[in-house]
Amino acid sequence: MLPINFHKTFTPERHLLSALVEYAALGKEGNFREISVATGIPMGESSGKVPAILDYGRGMGLIELVEPSARGAKKPILTTFGRTIYLEDRTLSEELTQWLLHMKLCRNNMGAAAWNMVFAEGRNILGSVFKRQQLEEYLVSRFGPGNNRTGPLVMTYTEDSALGMADILIVNGDEITIKKAPIRDVYAKGYTAYVLSLLEQYFPGQGQVTFDDFNRDTQWFDICRWNSADIERVFESIEKTGYITVDRQMKPWIIERRAVSEEVWPLIFDDIA
């Protein structure tokens with residue numbers, strides 16, 4: 001998981017993430033300075049945005065870093081999700097794209113620690129409506145004192161240059177509100193691909209997983225802020241894709257996978273006009 005200060009106070013600007021995605025798609029590698037020259041991501045002599053954008057790209061599931069051929073270099077490669085975004089929504093401006101990037105950044109295994117603490121762990125502690133000071137105090141209680149523990153987390157969702165177009169988080173004066181993830185039939189394939197990827201990461205080799213075990217480990221329902229009725233609606237929509245079925249004979253219900261995520265990621269925008 002990405003540490004509390006991985007971002008160096010920088011927000012995940014979409015045009016910089018897009019440049020990184022293209023760099024990875026072209027199969028390039030280089031040190032921070034070379035990546036900066038090739039992508040236009042700012043980088044000074046000793047500091048800059050390249051390390052943070054690389055980490056955001058990893059935390060958001062767009063890229064993975066593999067062994068480079070040159071010492072000191074970084075070689076990002078696209079994930080299947082990242083390739084879909086590269087081909088279908090290179091500006092990262094679709095609502096579904098921004099929600100998926102957000103969900104991935106909130107994961108407790110490969111996401112960012114502060115994001116997971118606020119959007120997942122914090123559901124029953126912070127709630128969905130809180131003050132800026134409450135947020136800062138909460139993060140200090142979890143990570144210890146430091147200079148501005150909140151960092152760019154809030155700005156990530158208020159600036160259109162980052163993830164501000166999806167209304168994931170709303171700021172009104174000193175008050176912050178976390179919104180529910182949208183439940184729309186046209187997002188069914190996107191959510192299906194994501195659920196399949198979570199099953200593969202958290203429950204490898206298991207064909208069936210109960211809803212309780214699934215959320216205990218992945219925290220997806222908490223990140224989405226869904227109640228039980230919302231979850232039922234989402235899985236009714238997901239089931240219609242044919243890639244996942246739900247066994248409702250038992251309580252809790254059981255998720256059964258019928259595909260692998262790599263099959264479904266390329267299809268996630270098929271139903272979106």
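The first residue in the sequence is number 1, and the count goes up from there.
In plain terms, the two heavy atoms of Ala193 and Ser261 that are nearest each other are O-CB, 3.7 Å. The two residues Leu2 and Gly59 have their closest heavy-atom pair at CD1-CA, 4.0 Å. A pairwise comparison of heavy atoms in Pro252 and Thr210 identifies CG-CB, 3.8 Å as the closest pair. The heavy-atom pair separating Ala24 from Leu78 by the smallest distance is CB-CD2, 3.8 Å. The two residues Ala120 and Asp222 have their closest heavy-atom pair at O-CB, 4.0 Å. Across all their heavy atoms, Met165 and Ser93 have their closest contact at CE-O, 4.1 Å.
When side chains are defined from C-beta on, Asp217 counts as touching Phe203, because their heavy atoms get closer than 4.5 Å. Counting heavy atoms from C-beta outward, Lys179 and Ile168 have side chains that stay 4.5 Å or more apart. The shortest distance between side-chain heavy atoms of Asn227 and Lys180 falls below 4.5 Å. Side-chain atoms of Leu163 and Met60, non-hydrogen and from C-beta on, do get closer than 4.5 Å to each other. At least one side-chain heavy atom of Ile176 sits under 4.5 Å from a side-chain heavy atom of Val154. The side-chain heavy atoms of Ile238 and Val234, taken from C-beta on, include a pair separated by under 4.5 Å. The shortest distance between side-chain heavy atoms of Asn108 and Tyr202 falls below 4.5 Å. Residues Glu175 and Lys131 meet the side-chain proximity criterion, which asks for heavy atoms closer than 4.5 Å.
Between the side chain of Arg107 and the backbone N or O of Met1 there is no donor-acceptor pair closer than 3.5 Å. Between the side chain of Glu263 and the backbone N or O of Val260, at least one donor-acceptor pair lies under 3.5 Å. Panel note: side chain Arg58, backbone Glu64; no donor-acceptor pair is recorded below 3.5 Å. The backbone N or O of Phe10 lies less than 3.5 Å from a partner atom in the side chain of Tyr56, making a donor-acceptor pair. Checking side-chain atoms of Arg149 against main-chain N and O of Tyr138 turns up no donor-acceptor pair under 3.5 Å. The closest donor-acceptor contact from the side chain of Ser36 to the backbone of Phe32 lies at 3.5 Å or more, if one exists at all. Side-chain atoms of Asn5 do not come within 3.5 Å of backbone N or O of Lys8 as any donor-acceptor pair. The backbone N or O of Glu262 lies less than 3.5 Å from no partner atom in the side chain of Thr80, so there is not a single donor-acceptor pair. Remark: side-chain polar atoms of Asn215 are paired, donor with acceptor, to backbone N or O of Phe221 under 3.5 angstrom. The backbone N or O of Gly61 sits less than 3.5 Å from a side-chain atom of Thr79, completing a donor-acceptor pair.
To the nearest 0.5 Å, atoms CG (Leu153) and CG (Leu135) are separated by 6.5 Å. With rounding to the nearest 0.5 Å, the separation of CD in Gln134 from CG in Asp174 is 8.5 Å. One distance of note links OG1 of Thr11 with OH of Tyr157; it measures 11.5 Å at 0.5 Å rounding. With rounding to the nearest 0.5 Å, the separation of CD1 in Ile63 from OH in Tyr86 is 14.5 Å. We find the CE-CG distance between Met117 and Leu126 to be 10.5 Å, quoted to the nearest 0.5 Å.
Under the 4.5 Å side-chain heavy-atom criterion for Ile, Leu, Val, Met, Phe, Trp and Tyr, Val140 and Trp115 are members of distinct hydrophobic clusters. Placement of Val246 and Leu196 within a single hydrophobic cluster is found when ILVMFWY residues are connected by side-chain heavy-atom separations under 4.5 Å, directly or transitively. Both Leu62 and Leu198 are assigned to one and the same hydrophobic cluster, defined by single-linkage of ILVMFWY side chains at heavy-atom distances under 4.5 Å. No continuous path of ILVMFWY side-chain contacts below 4.5 Å connects Leu20 to Ile77, so the two sit in separate hydrophobic clusters. In the hydrophobic clustering of this structure, Met155 does not group with Trp99; members are Ile, Leu, Val, Met, Phe, Trp, Tyr whose side-chain heavy atoms approach within less than 4.5 Å, directly or through other members.
Considering Arg248, Lys189, Arg258, Arg257 as possible partners of Glu239, the one that fulfils the salt bridge (Lys or Arg N to Asp or Glu O under 4.0 Å) test is Arg248. Between Thr97 and the choices Thr91, Ile272, Leu92, the side-chain contact (heavy atoms from CB on, under 4.5 Å) rule is met once, by Leu92. With Tyr191 as reference, Trp226 is the one residue of Trp265, Trp226, Tyr243 to meet the ring pair (Phe, Tyr, Trp, His ring centres under 6.0 Å) rule.
Counted by atom type alone, Gln98 and Glu94 present zero donor-acceptor pairs between their side chains at under 3.5 Å. In this model, a donor atom of one side chain and an acceptor atom of the other lie less than 3.5 Å apart for Thr245 and Glu256. With hydrogens and angles left out, the side-chain atoms of Asp247 and Gln208 include no donor and acceptor closer than 3.5 Å. Looking at Arg90 and Ser18, their side chains never bring a donor and an acceptor atom within 3.5 Å of each other. Inspection of the Arg184 and Tyr187 side chains reveals an N or O donor paired with an N or O acceptor under 3.5 Å. For the residue pair Glu29 and Tyr23, no side-chain donor N or O sits within less than 3.5 Å of a side-chain acceptor on the partner.
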Review point. Could you go step by step and tell me if Leu101 and Phe81 meet the side chain to side chain contact (heavy atoms under 4.5 Å, CB included) rule?
Key: CA-CA 10 Å; Leu101 295 174; Phe81 170 61; 3.8 Å; yes
Exercise for review: Show your reasoning for whether salt bridge (Lys or Arg N to Asp or Glu O under 4.0 Å) applies to Lys49 and Glu13.
Suggested key: CA-CA 10 Å; Lys49 295 184 179 181; Glu13 296 171 78; 2.7 Å; yes
Exercise for review: Determine, step by step, whether Thr150 and Arg132 satisfy the side chain to side chain contact (heavy atoms under 4.5 Å, CB included) criterion, reporting the C-alpha distance in whole Å, the side-chain angles of both residues, the deciding distance to 0.1 Å, and the verdict.
Suggested key: CA-CA 9 Å; Thr150 304; Arg132 285 181 183 270; over 6 Å; no
Review point. Taking it one step at a time, do Val264 and Thr241 satisfy side chain to side chain contact (heavy atoms under 4.5 Å, CB included)?
Key: CA-CA 10 Å; Val264 189; Thr241 67; over 6 Å; no
Practice item. Determine, stepwise, if the pair Arg216 / Phe211 fulfils side chain to side chain contact (heavy atoms under 4.5 Å, CB included). Key: CA-CA 8 Å; Arg216 181 199 65 217; Phe211 273 51; over 6 Å; no
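Summarising the local packing, CG of Asn147 is surrounded by 12 or fewer heavy atoms from other residues, nucleotides or ligands at distances under 6.0 Å.
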